[in-house]
Asks: 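Handing you this structure, nothing more for now.
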Amino acid sequence: KSDLTFTDFASRMARSQVGIELGIRTRLLPLFFGKNRAWIERFLLAAPDFTTLGLKHFAGRRLPRKKIARTALSAAWHVAREARYTG
């Protein structure tokens with residue numbers, strides 16, 4: 001029996017790799033254009049590995065776990081540093 005109503009489309013899409021990617025981008029996009037934009041721009045200039053990793057991910061390239069871990073630690077350091085100076 002074929003279901004052509006598409007009632008489960010949204011839930012199937014949300015669970016797919018494309019849906020997960022779109023969900024992440026939807027949640028992160030406000031950071032780049034909202035009140036945190038200046039901080040994000042400073043961070044991206046100070047941590048070029050983060051930008052490189054993002055570009056490789058966007059291009060569908062394999063991301064080495066070591067590079068992901070190093071980039072995550074760098075991001076955490078920058079967040080802590082920013083919180084220290086602005087908090």
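Computation of the quantities below employed the complete heavy-atom set of this structure, encompassing side-chain atoms and omitting hydrogens, waters and symmetry-equivalent molecules. Because the structure is a prediction, the values reported are computed rather than measured.
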Asks: With a 4.5 Å cut-off on side-chain heavy atoms, are Phe58 and Arg25 touching?
Replies: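 Sidechains of Phe58 and Arg25: in contact.
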
Asks: Within this structure, what is the CZ-CD1 distance for the pair Arg15 and Ile20, rounded to the nearest 0.5 Å?
Replies: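 Nearest 0.5 Å value for the CZ-CD1 distance: 10.0 Å.
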
Asks: Would a hydrophobic clustering, with Ile, Leu, Val, Met, Phe, Trp and Tyr connected at side-chain separations under 4.5 Å, put Phe50 with Val79?
Replies: yes

Asks: Quick one: pull up CD1 in Ile40 and CG in Leu28 and give me the separation to the nearest 0.5 Å.
Replies: 8.5 Å

Asks: Does His78 use its side chain to pair, donor to acceptor, with the backbone of Ser74 at less than 3.5 Å?
Replies: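 Present.
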
Asks: Which label fits Phe6 and Phe9: parallel for a plane angle under 30°, tilted from 30 to 60°, or perpendicular past 60°?
Replies: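 Answer is perpendicular, since the angle exceeds 60°.
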
Asks: Quick one: OG1 on Thr26 to CD on Glu21, what's the gap to the nearest 0.5 Å?
Replies: 11.0 Å

Asks: Atom CG of Leu53 and atom CZ of Arg61: how far apart are they, to the nearest 0.5 Å?
Replies: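 Leu53 atom CG to Arg61 atom CZ measures 12.0 Å (nearest 0.5 Å).
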
Asks: Quick one: CZ on Arg42 to CZ on Arg81, what's the gap to the nearest 0.5 Å?
Replies: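 Reported to 0.5 Å precision, the distance equals 8.5 Å.
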
Asks: Within this structure, what is the CG-CD1 distance for the pair Asp49 and Ile68, rounded to the nearest 0.5 Å?
Replies: 12.5 Å

Asks: Grab the two heavy atoms, one from Thr71 and one from Lys67, that are nearest each other, plus how far apart they are.
Replies: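 Thr71 and Lys67 have their closest heavy atoms at OG1-O, 2.8 Å.
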
Asks: Could you tell me whether the side chain of Leu44 reaches within less than 4.5 Å of the side chain of Trp39, counting heavy atoms only?
Replies: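 Trp39 vs Leu44: side chains apart.
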
Asks: Is there a path of hydrophobic side-chain contacts, each under 4.5 Å between heavy atoms, that joins Leu22 and Ile24?
Replies: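 No, Leu22 does not connect to Ile24 through the hydrophobic network.
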
Asks: Contact between Phe43 and Asn36 at the side-chain level, heavy atoms closer than 4.5 Å - yes or no?
Replies: no

